[in-house]
Novice: 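Got a structure for you, questions after.
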Number of protein chains: 2
Amino acid sequence: MGVRKAKAAETEAALKAAARREFAERGYLNTKITDITAAAGRATGSFYEHFASKEDLLRALLADMHAQAGDQLASGDHPPHDLTDPLQLRAHIQVAWNVMRENRSVMAAQFESVLAAGPASGALWDRLTEDTEMFRRHLEYLGDSDRPLPGDPALVAAAMGGMMSMLAYALTPGDTRYPAAEIVETISRLLLYGLTGPPALRPADGAGR
Amino acid sequence: MGVRKAKAAETEAALKAAARREFAERGYLNTKITDITAAAGRATGSFYEHFASKEDLLRALLADMHAQAGDQLASGDHPPHDLTDPLQLRAHIQVAWNVMRENRSVMAAQFESVLAAGPASGALWDRLTEDTEMFRRHLEYLGDSDRPLPGDPALVAAAMGGMMSMLAYALTPGDTRYPAAEIVETISRLLLYGLTGPPALRPADGAGR
DNA sequence: GTCTATATACAGATAGAC
DNA sequence: GTCTATCTGTATATAGAC
């Protein structure tokens, strides 16, 4: 790689890093191109040498994220396919939660971008179903094994993903209220047994007050 | 009420109605003041005679909604406080779902507005906890009765509300994929028993394949 | 109170020098 | 490739006539 190209790559990386910081702080929609260039210590005009628009930059950030997240998911090589097994469910929730939190600013940015498409567009549903495809496949596997599902696999998967992404977005990272372990544990328990809790702990009929 | 005041009230109502339509179509952030006034058949300048800003208008719409939703919740006079009872849980989900869907455009607008405050602000969490206060109280009641909860009541309530509001926003109203009854049923079952399903239907240990 | 016309402000994007 | 300076489009909000 030549020196010129290296410098260009450096600038591009600086812009991306700055964008991540700015998105995390002000949000995607509120971040101006000039905010990014200023934070990266570059001039406004330089931005367009690397990205056609803010949306184009977001696409690049998403590509980076997917490349990295793909590694995580593949490397984990997680035990196959029984979401009703406590350990396996928790492992899935854990991985999904980690990915969401490590890429919170980019995922939030994508969320804002999708939102800007308007409520009538159905873009949010498309995103939700795509991002929860893994859950859906696991649920379909359960259904094939004649296990009772709460409903259509795609809908249940969307419900699970929607819950998690909403929490990931709502709970600001530096938050002291809930440590990550507690959140993962709570989500896992809720999705595993619901509000009634594990069978063993349920009061026998008539025994509850 | 005098004629002049009546005319003014009429214009204000027309602006509100137009805003609801435009918000539903384009989304809150994408809707321009001129979109609203044009849809209402009024001039741009008239807007500011009634509302100080788009945000101010949103506040008015939210006030209307809360007044109306308060009626619904109070009139229902729902059976008190056992979310582990299938009928009671389903009734709560049903009411919450109806409120969300009947006011989808306004709730979505508020959502976008909160989002615009930026991810670091924590505004989304505040909104989520406020809107799920009822769930939280019901869960605390369960905890007081020594029933096992999946986690901290406020967190579980937020998870429930987050799931529902995300689905309410993602599933566009005219959607044919899932009828309202199916959605309510699926959410209820998932929150009641989780992915493992009701105890009676669970395969005995070792019996599953 | 409502209208038309306009001022203000600012974000996105480009031109041209270096 | 990067910079400074600038153009363009557009949304908000106001001024002033009716």
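Throughout, a chain's letter reflects where its sequence line sits, starting with A, and its residues are numbered from 1.
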Novice: Can you tell me the distance, in whole Å, between the CZ atom of B/R26 and the P atom of D/dA11?
Specialist: 10 Å

Novice: Between C/dT2, D/dT12, C/dA13, which one does the side chain of B/S46 approach most closely?
Specialist: C/dT2

Novice: Which nucleotide in the set D/dT2, D/dT4, C/dG12 lies at the smallest distance from any side-chain heavy atom of A/K32?
Specialist: C/dG12

Novice: Give the rounded distance in Å between these two atoms: CZ of A/F51 and C1' of D/dT2.
Specialist: 15 Å

Novice: Side chain of A/S53 only, heavy atoms from C-beta on: which candidate in C/dA13, C/dC3, D/dT12 is closest?
Specialist: C/dA13

Novice: Where the side chain of A/Y48 is concerned, which of D/dG1, C/dC3, C/dA13 is the nearest nucleotide?
Specialist: C/dA13

Novice: Of all the nucleotides listed (D/dC3, C/dT2, C/dA13), which has the minimum atom distance to the side chain of B/T11?
Specialist: C/dT2

Novice: Side chain of B/R42: nearest nucleotide among D/dC3, C/dC3, D/dA13?
Specialist: C/dC3

Novice: Check for a donor-acceptor pair, side chain of A/S113 on one end and backbone N or O of A/A109 on the other, with a separation under 3.5 Å.
Specialist: no

Novice: Output the single nucleotide from C/dT2, D/dT12, D/dC3 whose closest atom is nearest the side chain of B/E49.
Specialist: C/dT2

Novice: Quick one: does B/R104's side chain have a donor or acceptor within less than 3.5 Å of a partner on B/A168's backbone?
Specialist: yes

Novice: Send over the distance from B/N30 CG to C/dA11 C1', rounded to a whole Å.
Specialist: 15 Å

Novice: To the nearest Å, give me how far apart NE2 (B/H50) and P (C/dG1) are.
Specialist: 6 Å

Novice: Rounded to whole angstroms, how far apart are CD on A/E10 and P on D/dG1?
Specialist: 14 Å

Novice: To the nearest 0.5 Å, what is the distance between CD on B/E55 and OH on B/Y28?
Specialist: 5.5 Å

Novice: Could you tell me how far apart B/D35 (CG) and D/dT10 (C1') are, to the nearest whole angstrom?
Specialist: 12 Å

Novice: Measure the distance from CZ on B/F47 to P on C/dA5 and round it to the nearest whole Å.
Specialist: 21 Å

Novice: Separation of A/E12 atom CD from D/dG1 atom C1', in whole Å?
Specialist: 12 Å

Novice: Check whether any side-chain N or O of A/E12 sits under 3.5 Å from a backbone N or O of A/H50 as a donor-acceptor pair, and report yes or no.
Specialist: no

Novice: If I take atom CG from residue A/L155 and atom CD1 from residue B/I187, how far apart are they, to the nearest 0.5 angstrom?
Specialist: 7.0 Å

